[in-house]
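Since the structure comes first, as structure tokens, the remarks are kept for the end.
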Amino acid sequence: MVLFVLSLYFIATFWIFIYRYRLISRRLQSESRSLSRLYMGRSESVSPDSLLTGYLQQIGVLSAEVLKAASNDAVRSATRGLTQLSIMASTSPFIGLFGTVVGILEAFGRLGTQKSASLSVVAPAISEALVATAAGIFVAVFAYAFHLLLKRKAYELQSLLESQSEIILAQRQREA
């Protein structure tokens with residue numbers, strides 16, 4: 001049962017990572033292009049595929065607060081799933097440890113019914129029980145690494161959005 005749960009964790013970890021990594025990477029590319037156009041003076045506003053475009057079209061008055069809220073909202077939607085990765089990274093070793101404890105208890109229970117207890121009887125049962133701990137740590141390593149990778153990508157996205165916001169506000173101030 002423990003290995004089944006850890007298998008589900010493992011599948012969910014990869015699914016969340018692949019889906020979110022692709023999504024954030026696409027958004028990073030579009031925001032990077034948009035920022036590049038702003039820097040080069042080719043555009044007076046963000047590109048149509050920017051996450052900020054919808055907000056800029058909906059608001060009547062451009063302000064730093066509105067752009068900050070738009071940036072935060074875009075990053076929040078891009079980082080969905082990070083909490084689940086964090087939870088999987090922190091709980092999977094404990095799930096594995098639970099499986100090990102149960103396996104060792106079963107091994108000692110079997111030992112109690114036998115007349116002689118030797119290393120050849122105990123070692124395979126304990127070795128089998130430790131597989132759950134190894135599986136838990138294995139899943140945790142991937143979940144934690146993926147969490148950190150996505151967190152870094154989200155930081156890059158936030159940085160790009162904030163840079164675009166600052167340039168747009170600076171352009172508006174020059175115009176006024």
Q. What class does the angle between the rings of F146 and F14 fall in, given that below 30° is parallel, 30 to 60° is tilted and above 60° is perpendicular?
A. perpendicular
Q: State whether the side chain of S47 and the backbone N or O of R37 hold a donor-acceptor pair below 3.5 Å, judged by distance alone.
A: no
(Q) Using only atom types and a distance under 3.5 Å, with no angle test, would you say the side chain of S163 pairs donor to acceptor with the backbone of S159? (A) yes
Q | Contacts of type ring pair (Phe, Tyr, Trp, His ring centres under 6.0 Å), residue F108, not counting sequence neighbours | A | none
Q: If a pair satisfies salt bridge (Lys or Arg N to Asp or Glu O under 4.0 Å) and one of its residues is in residues 6-31, list it, with sequence neighbours excluded.
A: none
Q: Locate the shortest heavy-atom distance separating A89 from S92; write the atom from each residue and the value.
A: O-OG, 4.0 Å
Q) If Ile, Leu, Val, Met, Phe, Trp and Tyr residues are connected whenever their side-chain heavy atoms lie under 4.5 Å apart, and connections chain through other members, are W15 and L85 in the same group? A) yes
Q) Looking only at atom types and distance, does a side-chain atom of T13 sit under 3.5 Å from a main-chain N or O of A143, one as donor and one as acceptor? A) no
**Q.** Under 3.5 Å: donor-acceptor pair, side chain of T79, backbone of L82
**A.** no
Q) Can you tell me how far the CG atom of L130 sits from the CD1 atom of I104, to the nearest 0.5 Å? A) 5.5 Å
(Q) Nearest 0.5 Å, please: how far is OH in Y144 from CG in L149? (A) 11.0 Å
**Q.** Centroid-centroid under 6.0 Å between F142 and F138 rings
**A.** yes
Q: Could you tell me which residues satisfy salt bridge (charged side-chain N to carboxylate O under 4.0 Å, His left out) with E156, sequence neighbours excluded, listed by chain and number?
A: R152
Q. Taking atom types as modelled, is there a side-chain donor on S71 or Q158 under 3.5 Å from an acceptor on the other?
A. no
Q) Hey, is the main chain of T100 close enough, under 3.5 Å, to the side chain of T133 for a donor-acceptor pair? A) no
Q.
Using the rule that Ile, Leu, Val, Met, Phe, Trp and Tyr join whenever any side-chain heavy atoms are under 4.5 Å apart, tell me whether Y39 and L51 fall into a single cluster.
A. yes
**Q.** Within 6.0 angstrom of F10 CZ, more than 12 heavy atoms from elsewhere
**A.** yes
Q. Could you give the distance from CZ (F98) to CD1 (I95), rounded to the nearest 0.5 Å?
A. 10.0 Å
Q: Quick one: do L67 and Q164 satisfy side chain to side chain contact (heavy atoms under 4.5 Å, CB included)? Show the steps, please.
A: CA-CA 9 Å; L67 287 171; Q164 290 180 81; over 6 Å; no
Q: Identify the two heavy atoms, one from A132 and one from L6, that lie closest to each other, and give their separation to 0.1 Å.
A: O-CD1, 3.8 Å
Q. Nearest 0.5 Å, what's the OH-CG distance between Y19 and L150?
A. 12.5 Å
Q | Minimum heavy-atom distance between G96 and V2, given as atom pair plus value | A | CA-CG1, 4.3 Å
(Q) Between I87 and V139, is there shared hydrophobic-cluster membership here, with clusters defined by ILVMFWY side-chain heavy atoms closer than 4.5 Å? (A) no
Q. Among the clusters formed by ILVMFWY side chains lying less than 4.5 Å apart, do L23 and I16 turn up in the same one?
A. no
Q | S36 side-chain N/O to S32 backbone N/O, donor-acceptor pair under 3.5 Å | A | no
Q) L105 and L3: same hydrophobic cluster, using ILVMFWY side-chain contacts below 4.5 Å? A) no
Q | Exercise: identify the closest heavy-atom pair between M88 and Y9 | A | SD-O, 3.4 Å
(Q) Nearest 0.5 Å, please: how far is CG in L28 from CG in L35? (A) 11.5 Å
Q: May I have the step-by-step check of side chain to side chain contact (heavy atoms under 4.5 Å, CB included) for K68 and S165, ending in yes or no?
A: CA-CA 8 Å; K68 179 73 173 163; S165 297; over 6 Å; no
Q) Atom CG in L52, atom CG in L161: separation rounded to 0.5 Å? A) 5.0 Å
